[in-house]
Amino acid sequence: MVLVLALTFAAFGLDVPASLAIMWKGAFSDKVAIARTLVRATPLCLAGLGIVVAWRAGMYNIGGEGQYVLGGIGGAFCAKFLSSFMPSVLSIFILISGIICGALFGALAGWLYVKRGVQVVISTILLNFLALLTLEWTLRGPLQESKKQTFVTDTLPNEVMLMRFDSGTDLHSGVFIALIATVLIWVFLRYTIPGFHLRVVGDSPDAARANKLPVGAIQIRAMAISGGLCGLAGSVDYVGLTGRLADGYSQNWGFIAIPVALLGGLTPIGTLGSATYFGALFAGSEVLKRSTPIGNSVVPAVQGFAVLAYIAILWALNRKTQRRFD
Amino acid sequence: MPPEPRTEALIQVRAVSKSYGAVRALDNVSVDFLSGEIHAVLGENGAGKSTLMGILSGFVSPDQGDILFDGSPLPTGRPIEIRQLGVKMVHQHFMLVPQFLVSENLALGEITGNLTPLSLAELSKLATGKGTELGWNVDLQKIVLELPVGAQQRIEILKALAGDSRVLILDEPTAVLSPDEIRDLFGVLRKLRHQGIAVILIAHKLSEIMAVADRVTVLRKGELIATSLIGDTNEVQLAEWMVGDVPEFAKDGERSFGEVLVKAEKLSVNDDRGVKVIDSVDFEILAGQIFGLGGVDGNGQIELAEALAGVRDYDGVLTLPDNVAYIPQDRQTDGLALGLSVAENLMLSGVPSECKWGLFIRPALVRDYAQRMIAEYEIKVGKETDTAKSLSGGNQQKIVVARNLAQNPDLIIAVNPTRGLDIRATDYVHRRLREAAERGAAVLLISTDLDELSALADETKYLQSGGINDQFLVANA
């Protein structure tokens with residue numbers, strides 16, 4: 001991966017060792033840098049897990065972005081209309097509301113596929129636009145801040161926000177939510193019967209049907225879990241990091257979750273690792289962009305190369321195993 | 001009656017062989033095809049019909065042997081040259097672009113790769129001319145997918161006949177047609193015969209062959225069994241040629257059967273297209289009995305099995321025991337999740353109670369269970385965590401068998417359970433099914449392999465045209 005990074009820098013005409021050093025410093029050198037990495041890794045990990053669940057069920061969910069945004073909206077509605085609740089309870093309600101909104105949005109795409117034959121790839125891409133437009137509308141309507149001057153929500157009071165570990169960093173307890181979710185999804189896929197059935201449907205819907213599994217219900221359920229995780233990512237960022245929604249609320253976390261999940265080999269533990277890697281890339285490049293004229297454009301380039309490298313490795317492995325059978 | 005028979009054959013196939021891996025698809029086959037004659041090539045699935053037609057049309061290259069066309073060697077393996085010689089093929093699955101107009105589809109075969117302006121009327125003229133000649137009205141402005149299947153087939157035939165044609169090969173042309181459409185097609189084939197074209201018809205419905213063919217060639221397991229004028233043979237003889245000697249089914253007097261476990265009354269089942277393929281059948285299977293259902297492929301076997309297995313809707317009354325095991329015909333798609341491990345595939349029809357705790361799976365117990373099953377059912381596999389994909393066909397089938405028999409089912413439905421397996425694996429599957437019956441299970445063995453039925457079944461009946469008969473083939477059913 002460092003090699004891919006070095007080659008990308010070289011392609012951009014940057015000083016490779018110096019750039020690598022800046023990236024490293026920005027991502028890992030001190031507690032501020034590490035916090036930066038982890039804060040960015042958190043939504044990537046949660047949404048990445050969502051992608052893993054859907055794709056393992058054979059549902060190619062591209063709608064992580066929309067489900068993330070819906071999670072944020074759900075959280076903001078909760079904060080607005082339940083604001084009289086105790087702060088600690090309210091934050092939990094915000095998270096749950098984010099999960100439910102994302103899950104319903106994901107399940108909608110699953111339902112459209114099972115009942116109406118609409119391809120998940122198509123419907124989830126289109127639902128992304130729907131979610132972004134919904135965000136714009138709510139910011140101009142029911143969720144607009146009290147003074148009605150700008151298109152943002154009210155900022156959450158500090159007591160409602162997730163616990164911070166150090167006043168000098170953004171690191172919030174959402175990082176533990178991501179860790180717990182990773183373990184839960186790992187157990188779910190590997191050691192539970194519904195998780196097993198989900199993987200059977202993903203590997204062979206025909207075999208699942210011949211063995212009397214309710215294929216459609218399992219596919220919809222997988223999309224609901226997937227959307228719930230992406231929605232959780234959105235509400236964790238809302239109640240942990242930003243404290244408010246604005247037009248640019250999602251910075252493509254839901255999209256980047258797809259390469260994160262792929263690079264993680266569509267496994268929960270791998271996704272945790274690759275989310276950390278991508279989180280470090282973002283953290284490092286944020287520092288790098290201040291010191292070079294190219295800046296942020298390096299990041300998507302590196303992501304692209306990383307995923308292509310992964311696909312190339314898979315392809316090579318596949319060819320090798322196939323040759324064994326010829 | 002064919003017009004004055006010619007002595008000189010248009011196509012002479014001489015000692016042609018073709019193997020795929022260890023399977024000999026065609027073994028030293030020689031046959032002549034004459035101009036002005038409808039020549040049916042008959043055989044079961046895997047008999048080598050399609051391979052022979054593939055060779056004649058150039059899509060398959062023979063390993064050995066020669067083919068003469070009009071006295072000179074046929075350029076085997078070169079479909080375009082063969083087509084230019086006038087040897088035309090109508091595939092079973094239409095080679096049409098469904099979203100395109102009829103005229104566009106007809107023009108498709110004539111378009112050459114240059115930049116001249118495209119005139120659909122000009123390019124489809126040859127084909128439409130043929131249509132007029134044959135008495136078919138072809139609406140060029142219709143979109144193909146909106147036409148009924150029979151009309152689509154006409155487009156396919158006209159596309160093939162455009163230009164000079166001397167041989168027309170049709171691969172199972174009646175499989176998708178209604179009786180009226182079949183009659184119409186046969187009328188056209190007779191017209192073509194009168195024009196001196198050699199018509200080669202691949203089929204497996206005997207009544208149709210008797211109705212239209214002048215001459216018939218029967219293949220079985222890659223070998224040429226017989227070639228005969230149609231007047232010199234009959235349906236029963238053709239059936240015997242096709243499947244080999246119908247074995248004597250000795251009634252097994254030693255075993256006694258128990259209660260009635262399966263009872264079907266007026267059972268009807270539709271296929272995926274909604275066509276009724278099982279029409280109001282009645283049968284009973286007793287505990288301990290192996291009930292065989294034979295018959296040529298495509299007579300509703302899979303649909304019947306799926307209805308009994310509870311994965312397809314049916315009409316009528318069906319009494320079944322609670323614990324039903326289903327060994328589907330296609331182990332690669334229906335039987336196994338190939339990307340999952342052997343252990344997981346052993347649990348596909350239900351996680352055994354000993355391996356679960358509520359909704360959780362207990363990995364150590366799964367491993368023990370899988371290892372025990374692997375040993376007991378003699379599955380050759382490195383580790384239980386290997387993927388099912390990495391196993392040979394025989395061992396894959398052993399997983400399906402093991403999984404189904406381990407639950408001690410009261411009814412086992414097996415559809416062609418040994419198709420594609422070698423002798424050892426076949427013996428294995430037979431032994432396991434027999435053991436299950438001796439234990440008291442009812443077994444429904446649906447198989448096109450008569451040897452398998454005679455070896456295993458206590459009672460055998462035959463599926464034909466949606467019904468169940470006592471004989472392999474009932475004429476004009």
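Every chain is numbered from 1 and lettered A, B, ... according to where its sequence line falls, protein lines coming before strand lines.
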Item checked: Closest contact, heavy atoms only, A:D206 versus B:T333 -> CB-O, 3.3 Å
Note to self: Quick one, A:S204 and B:L336 - any side-chain contact, counting heavy atoms below 4.5 Å?
What the structure shows: no
Notebook entry, point to check: Within a radius of less than 6.0 Å around CG of B:L359, do more than 12 heavy atoms belonging to other residues, nucleotides or ligands occur?
Noted result: no
Next item on the list: Name the region of A:V187, side chain, backbone, both or neither, that has any atom closer than 4.5 Å to a heavy atom of chain B.
Entry: side chain
Checklist line | B:Y326 vs A:N211 side-chain heavy atoms within contact, under 4.5 Å | finding: no
Next item on the list: Determine the minimum heavy-atom distance between A:R209 and B:V311, stating which atoms define it.
Entry: O-CG1, 3.2 Å
Next item on the list: Could you pull out all residues at least two apart from B:Y314 that satisfy ring pair (Phe, Tyr, Trp, His ring centres under 6.0 Å)?
Entry: none
Next item on the list: Answer whether the closest heavy-atom distance between the side chains of B:I361 and A:T192 falls below 4.5 Å.
Entry: no
Notebook entry, point to check: For B:R403, is it the side chain, the backbone, both, or neither that has a heavy atom closer than 4.5 Å to a heavy atom of chain A?
Noted result: side chain
Notebook entry, point to check: Quick one: of B:P328, B:G358, B:G350, B:G339, who has the most non-hydrogen atom pairs under 4.5 Å with chain A?
Noted result: B:G339
Check: Given side chains that start at C-beta, do those of A:D203 and B:E344 come closer than 4.5 Å, heavy atoms only?
Finding: no
Checklist line | Shortest non-hydrogen contact from A:A210 toward B:D334 | finding: CB-O, 3.5 Å
Item checked: Heavy-atom contact with chain B under 4.5 Å, split by part of A:R199 -> both
Next item on the list: Tell me, yes or no, whether the heavy-atom count around A:Y60 atom OH, taken from other residues, nucleotides or ligands under 6.0 Å, exceeds 12.
Entry: no
Notebook entry, point to check: Closest heavy-atom contact between B:A337 and A:A207?
Noted result: N-CB, 4.1 Å
Check: Is it true that atom CZ of A:F93 has more than 12 heavy atoms of other residues, nucleotides or ligands lying nearer than 6.0 Å?
Finding: no
Notebook entry, point to check: Counting heavy atoms not belonging to B:F291, are there more than 12 under 6.0 Å from its CZ?
Noted result: yes
Note to self: Looking at every heavy atom in both B:F360 and A:I193, which two are closest together, and how far apart are they?
What the structure shows: O-CD1, 4.5 Å
Note to self: Would you say CZ of B:R312 has more than 12 non-hydrogen atoms from neighbouring residues, nucleotides or ligands within 6.0 angstrom?
What the structure shows: yes
